[in-house]
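Position 1 is the first residue of the sequence, and the numbers go up from there. Side chains included, hydrogens not; waters and symmetry mates left out as well; all remaining heavy atoms used.
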Amino acid sequence: MDPGSPLDRALASIILDSAAALRATQTTLAQPEATPALRAMAHLIEALVAVREGTVDQYQQSMAQAEAACALDGPARLAALRDHVRAQWHRREGRLSEAEALLAPLHQRAEQRPLVDAYLSAASLATVVSMLGDDDGALDLYYQAMALARRSGVDSLVVNALNNLGAYQSDLYNLEDAAPLLQECLEGALRLGSRRQIIYAAGNLVENLCFRGEAADALALAREHLIGRIRPDDPPALQRDEEIARALLDNDLHDEAAAVLARQHHEDPFSNETATVRVLLQARLLLIRGEPAQALRLCLARQALLDEQGAEGTLPMDQVNLPRVAARAAQAVGELAQACALHERAFAIHEQLLGRAARSRRLSLQITHRLSLAEWERDAARREHERLAALNAQLQAQVAENERLQQRLRAQALEDPLTGVHNRRHLLEAGPAMLSQAQRRQEPLALVMVDLDHFKRVNDQHGHELGDQVLRLFAQLARRRSRAEDLVCRYGGEEFVLLMAGADATQAAERLRALLQDFQTQAFAGADGAVLHCSFSAGVAASGPTGENLHELLAQADAALYRAKQLGRCRVELAVAEVGVG
């Protein structure tokens, strides 16, 4: 995945191209709609570039602008990025413990932070811990940073992580594990087209090849990717004179090596110190030129300085090679005892390095196994989460389908399948509620019981299919003449019950008369081709101040219906008074 916003991409690419990162921040700052948080992040990225390549004033100005744009203690990401930048500045000034104190809490929250941010802090912490002398802790952190870079899917981070880990394995004299890491790093840098990363990767790989005795390959790599790319105006971090000179000397190209070492010395505060290796290379040139005494003085002076100030930052192999070159110079001037002592010192350091390399290989296996297990567990947890999410979605879909089915079943249970109107069960469930509501509101409610006249004769003479047509048509007409708040139910057989909200008995009778007239005008084709017309009889009851219940209203309407049939059918009768059709 590629970081989404321009500033995210700038933060991810800062290790490839500081100029491109600065252009992205300037574009953001030029936008009037940029939020205070975005402006603060842009200034923090500028400060990060200043830490690497700028001045104190540039760093302080960018930090002040970030603070002015937004309260950095507010948004968690800005606060973390601010602490990361400060830690980088502490590292530049050599205040390693202060840098570690800021970076360690950031790394502890790596899983809660954007992967780009988490990687940058992990890689920086690894370097600080290595500079503090904790080889095991640094190696572990470099592997963790590699895992974060690969999880991010951002190529620039992966290339940077490979370079850091490969270079550190070389520092630990684990040259065999370092070589494939640095080779993969160079290939990735070439794909990205990042001149900076190509130079970093090639420089480290050249050094690794020289230490492994592959001088010809080292020189070919140096000519193609270092000599052919480095410009005189490049910053110190990109000046690789020492690696180039080592490859040239290992291939007996003494004059070329001397010309490279004669150039101005560039010291990068973020890299291993280069003074020792330059002394080594100069001493080798002096030996070649037949000046062993001067070579010996040069080596012994440097060794005394390292003994006094400490050898932190000096490559382990250079710590071995310094007494080796000095021993060769001592032997050349006849100082055999001194030469022997220097050889013994070189052997002792080399044995320590071999032990260090073996420990590094063992630790690397343990760390990679642990991280692979953690990655597997993370992937398993993600797969389980996705599986549970899919099951949950299926369950929700099934629940929704069950609810739809239940609604359909309930509708079917309360609906007459032939006519589509409600059935007797629904009347008995919903009717009391309608009656209670009408009584609370002190509004009338009429109940009408309808019986289709001579319906048995229709079935007997014309068949049940025609009888079903009559039932369905009556139901359609009844619903058409009903209001939304009314209820039309098939009570059983050819009997229907209508509940009319807000209607008294007289109003209900008038509506029934109109329905009866409408029904009578409908023509049905009989079995013999004759045209058939049908009618119905109805009894009307209405709720009153006595507070009748549904069963009482049904009984009153049924009695009125019976009276309508007794009086000749095709009429509407009230429970309290007779009302004819015409």
Query raised in the report: Can you check whether Tyr168 reaches Asn174 side chain to side chain, under 4.5 Å on heavy atoms?
Result: no
Query raised in the report: Between CG of Asp171 and CG of Asp135, what distance do you get to the nearest 0.5 Å?
Result: 9.0 Å
Requested in this report: In plain terms, say whether Glu207 and Arg240 are close enough for a salt bridge, that is, a side-chain N and a carboxylate O under 4.0 Å apart.
Outcome: no
Report task. State whether the side chain of Ser124 and the backbone N or O of Ser121 hold a donor-acceptor pair below 3.5 Å, judged by distance alone. Result -> no
**Report entry** Ile199 and Leu226, any side-chain heavy atoms less than 4.5 Å apart
**Finding:** yes
Query - Straight-line distance of Leu7 CG to Leu38 CG, nearest 0.5 Å - result: 6.0 Å
Query - Electrostatic pair Glu67:Arg86 at N-O distance under 4.0 angstrom - result: yes
Query raised in the report: Do NZ/NE/NH1/NH2 and the carboxylate oxygens of Arg109 and Asp83 come within less than 4.0 Å?
Result: no
Query raised in the report: Any side-chain heavy atom of Leu186 sitting closer than 4.5 Å to one from Leu221?
Result: yes
Report summary line: Residues Leu148 and Ala122: closest non-hydrogen pair is CD1-CB, 3.9 Å
Query raised in the report: Mind checking whether Leu261 and Asp241 have side chains closer than 4.5 Å, heavy atoms only?
Result: no
Query raised in the report: How long is the span from the CD atom in Gln319 to the OG1 atom in Thr276, to the nearest 0.5 Å?
Result: 8.0 Å
**Report entry** Side-chain ion pair, Glu214 and Arg212, N-O less than 4.0 Å
**Finding:** yes
Query - Leu139 and Leu165: CA distance, side-chain angles, deciding distance, side chain to side chain contact (heavy atoms under 4.5 Å, CB included) verdict - result: CA-CA 8 Å; Leu139 187 63; Leu165 182 56; 4.0 Å; yes
Query raised in the report: What is the minimum heavy-atom distance between Ala258 and Arg289, and which atoms define it?
Result: CB-NH2, 3.2 Å
Query raised in the report: What is the minimum heavy-atom distance between Leu287 and Ala295, and which atoms define it?
Result: CG-CB, 4.1 Å
Report summary line: Scanning both residues in full, the closest heavy-atom pair of Arg39 with Gln31 reads NH1-O, 3.7 Å
Report task. Not counting sequence neighbours, list each pair that qualifies as a salt bridge (charged side-chain N to carboxylate O under 4.0 Å, His left out) and has a residue in residues 179-197. Result -> Glu53-Arg196, Arg150-Glu184, Arg195-Asp234
Query raised in the report: Just wondering, are more than 12 heavy atoms of other shown residues or ligands nearer than 6.0 Å to CD in Glu256?
Result: yes
Requested in this report: Check step by step if side chain to side chain contact (heavy atoms under 4.5 Å, CB included) holds for Gln338 and Val333.
Outcome: CA-CA 10 Å; Gln338 188 177 35; Val333 296; 5.8 Å; no
Query raised in the report: Roughly how far, to the nearest 0.5 Å, is CD of Gln352 from CZ of Arg359?
Result: 14.0 Å
Query raised in the report: Partners of Glu351 by salt bridge (Lys or Arg N to Asp or Glu O under 4.0 Å), sequence neighbours excluded?
Result: none
Query raised in the report: Does any donor atom in the side chain of Asn164 or Asn160 lie under 3.5 Å from an acceptor atom in the other side chain?
Result: yes
Query raised in the report: Any side-chain heavy atom of Asn208 within less than 4.5 Å of one from Gln169?
Result: no
Report task. Quick one: list whatever passes salt bridge (Lys or Arg N to Asp or Glu O under 4.0 Å) with Asp155, sequence neighbours left out. Result -> none
Report summary line: Nearest heavy-atom contact between Ala218 and Val206 is O-CG2, 3.6 Å
Query raised in the report: Would a 4.5 Å heavy-atom cut-off, applied to side chains only, mark Val85 and Tyr59 as touching?
Result: yes
**Report entry** Tyr119 side-chain N/O to Ala161 backbone N/O, donor-acceptor pair under 3.5 Å
**Finding:** yes
**Report entry** Gap separating the CD atom of Glu224 from the CG atom of Leu219, nearest 0.5 angstrom
**Finding:** 11.5 Å
Query raised in the report: Are Asn163 and Leu181 side-chain neighbours, meaning at least one heavy-atom pair lies under 4.5 Å?
Result: no
Query - Single hit among Arg246, Arg302, Arg278 for side chain to side chain contact (heavy atoms under 4.5 Å, CB included) with Asp318 - result: Arg246
Report task. Please report the C-alpha distance between Gln88 and Arg92 in whole Å, then the side-chain angles of each, then the deciding distance to 0.1 Å, and finally whether the side chain to side chain contact (heavy atoms under 4.5 Å, CB included) criterion is met. Result -> CA-CA 6 Å; Gln88 293 295 84; Arg92 170 170 164 166; over 6 Å; no
Query - Heavy atoms from other residues, nucleotides or ligands near CG of Asp255 exceed 12 (cutoff 6.0 Å) - result: no
Query raised in the report: For the residue pair Tyr173 and His350, does the interplanar ring angle fall in the parallel (under 30°), tilted (30 to 60°) or perpendicular (over 60°) class?
Result: perpendicular
Query raised in the report: Gln58 and Thr55: which non-hydrogen atoms are nearest, and at how many Å?
Result: OE1-N, 2.9 Å
Query raised in the report: Looking at Leu102, Asp117, Leu125, Leu48, which one forms a side chain to side chain contact (heavy atoms under 4.5 Å, CB included) with His84?
Result: Leu48
Query raised in the report: Less than 4.5 Å apart, any side-chain heavy atom of Met317 and any of Leu175?
Result: no
Query raised in the report: What distance separates Ile45 CD1 from Met41 CE, expressed to the nearest 0.5 Å?
Result: 4.5 Å
Query - Step-by-step side chain to side chain contact (heavy atoms under 4.5 Å, CB included) determination, Leu115 to Leu157 - result: CA-CA 10 Å; Leu115 283 170; Leu157 301 188; over 6 Å; no
